[in-house]
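First up is the structure itself, then whatever we jot down about it.
Letters A, B, ... mirror the listed sequences (proteins, then strands); counts begin at 1.
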2 protein chains.
Amino acid sequence: MRPREFDHDDVLRIAFDQFWRKGVRGTSLSDIARDAGVQRGSLYNAFGSKEALFLQAYERYAGNYLLALQKALGMGSLRKRLTAFFDLTISNFRSGAPPRGCPTTRGLMELGAAEGEGLDEEARQAFASLVSRITALVQDTLSAGARRGEFNGNPAAAALHIVTVTRGLAVLERAYGDEAQLRKIASHTIDLVLDKKGG
Amino acid sequence: MRPREFDHDDVLRIAFDQFWRKGVRGTSLSDIARDAGVQRGSLYNAFGSKEALFLQAYERYAGNYLLALQKALGMGSLRKRLTAFFDLTISNFRSGAPPRGCPTTRGLMELGAAEGEGLDEEARQAFASLVSRITALVQDTLSAGARRGEFNGNPAAAALHIVTVTRGLAVLERAYGDEAQLRKIASHTIDLVLDKKGG
DNA sequence: CTTCATTTTTGACACGATGTCGAGAAAGCA
DNA sequence: TGCTTTCTCGACATCGTGTCAAAAATGAAG
């Protein structure tokens, strides 16, 4: 057995950085290979294909992101939790220079696009899975808030609405790049959900 | 002067159909040339580049879409108008077999992605322009509703919120492909906006 | 220590995409 | 009829993905 000359996790990190900055289709394996100091062929040997490499890199990101999310949703009043949720979401979109947007939303629109080509379906599921998990976390937060009398609506419907807004924010971020606008929409959404008339 | 052997508008229509089904990066000029019965070189001669062709095809679509939108927003109570707005939006996402999603959102995430490459910026503006125009139409509708006592919130903020939700719906359509879910979110959004406590 | 088996690395190759270029073809006009 | 202008067409350069076989490096067995 000959040992691998590069670190698996390092490559995933470097690759995801490129994918995030330039999009999946806009990033070539040559770019990643150069950045990682590895031959292109070695990447194929280790990961199989560009999309397989992307999927592994994305799963790595999704795990980290969910951890941060749980932390943000875990403290204070319901309003504080939702504010922290939107803060984290928007900060994530606006991280990097220039801002890199939302990798999940970009990936969904970029790869979930082509007609049934096999791996695209696998990618679609990876993205959808993260969105579902985020929705579940928000729903749990709302349910807890309802038990404490901080919320009187339908947690499932409200969570879906909130997550839909965050996906919309990801799109508007690309369209306008106006962070203040995103924060305004977020705060307006929290008001709508929490001030709703008896449900 | 030798006359062109193909119809300009026909090619735009055929090209946009391909771009809509397979994404911009997923569609090759050879595909379009084959479908349109034209040589690839002729497309370069007539349109300059793939992205220039896409932009022209997209502008053609955007014009038609805005016309349909004005029609949908022009009749009945405010609730009826907003319902028609979401209906048109979702029907548009779900048109085709398989459903083609939202071309604007897909285009934004696909092209507005790469770092300052010139034409990508032009594309971004085309997408952003349609989103802005849609927002303006919704805002006008809400303002008219406010004058008739059907709405007591801030039209600008509410319009932005509604359009943000439609962008989110475009993303969820790709993630889940569940049309009933999209319609539920839409109806919930209308309730939130119209039932809001005095603002 | 030598040999072997296994895995990684590496470079060459096939293929398809974008975009350029120049030669040839087809109209309008003098 | 001949000239000019534009369009069409095929060849080419370049870059992307993905495959393959040969070479290199390591661990294990004799």
Rounded to whole Å, please give me the gap between [atom1] in [X] and [atom2] in [N].
{"X": "Glu5(B)", "N": "dA25(C)", "atom1": "CD", "atom2": "C1'", "answer": "9 Å"}
{"X": "Leu111(B)", "N": "dT18(C)", "atom1": "CG", "atom2": "P", "answer": "13 Å"}
{"X": "Leu29(B)", "N": "dT20(C)", "atom1": "CG", "atom2": "C1'", "answer": "14 Å"}
{"X": "Glu51(B)", "N": "dT18(C)", "atom1": "CD", "atom2": "P", "answer": "11 Å"}
{"X": "Arg34(B)", "N": "dG16(C)", "atom1": "CZ", "atom2": "P", "answer": "11 Å"}
{"X": "Phe6(B)", "N": "dC7(D)", "atom1": "CZ", "atom2": "P", "answer": "8 Å"}
{"X": "His8(A)", "N": "dT9(C)", "atom1": "NE2", "atom2": "P", "answer": "11 Å"}
{"X": "Asn45(B)", "N": "dA25(C)", "atom1": "CG", "atom2": "C1'", "answer": "14 Å"}

Return the nearest nucleotide to the side chain of [X]; candidates are [options].
{"X": "Ser30(A)", "options": "dC7(D), dT18(C), dG16(D)", "answer": "dG16(D)"}
{"X": "Tyr44(A)", "options": "dT9(C), dT19(D), dT18(C)", "answer": "dT19(D)"}
{"X": "Lys50(A)", "options": "dA11(D), dG18(D), dG11(C)", "answer": "dG18(D)"}
{"X": "Arg40(A)", "options": "dG19(C), dT17(D), dC7(D)", "answer": "dT17(D)"}
{"X": "Ser28(B)", "options": "dT8(C), dT18(C), dC7(D)", "answer": "dT18(C)"}
{"X": "Gln39(A)", "options": "dC9(D), dG19(C), dG11(C)", "answer": "dG11(C)"}

Note, Ile185(A) side chain near Phe86(A) side chain (heavy atom, < 4.5 Å)
no

On the 0 to 90° scale, with breaks at 30° and 60°, tag the Phe54(A)-Phe19(A) ring pair as parallel, tilted or perpendicular.
perpendicular

Parallel, tilted or perpendicular, judged at 30° and 60°: which one describes the rings of Phe16(B) and Trp20(B)?
tilted

With Asp31(A) as partner, the option from Arg40(A), Arg21(A), Lys22(A), Gln18(A) fulfilling side-chain hydrogen bond (donor to acceptor under 3.5 Å, both in side chains) is Lys22(A)

Across the strands shown, which category fits Phe47(B) at heavy-atom distances under 4.0 angstrom: base, sugar-phosphate, nothing?
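It contacts nothing in the nucleic acid.
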
So, does Ser42(B) get its side chain near the phosphate of dT8(D), meaning an N or O under 4.0 Å from OP1 or OP2?
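Answer is yes, contact under 4.0 Å.
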
Is it the case that the side chains of Arg81(A) and Thr141(A) hold a donor-acceptor pair, with the cut-off being a distance below 3.5 Å and no angle test?
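Short answer, no.
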
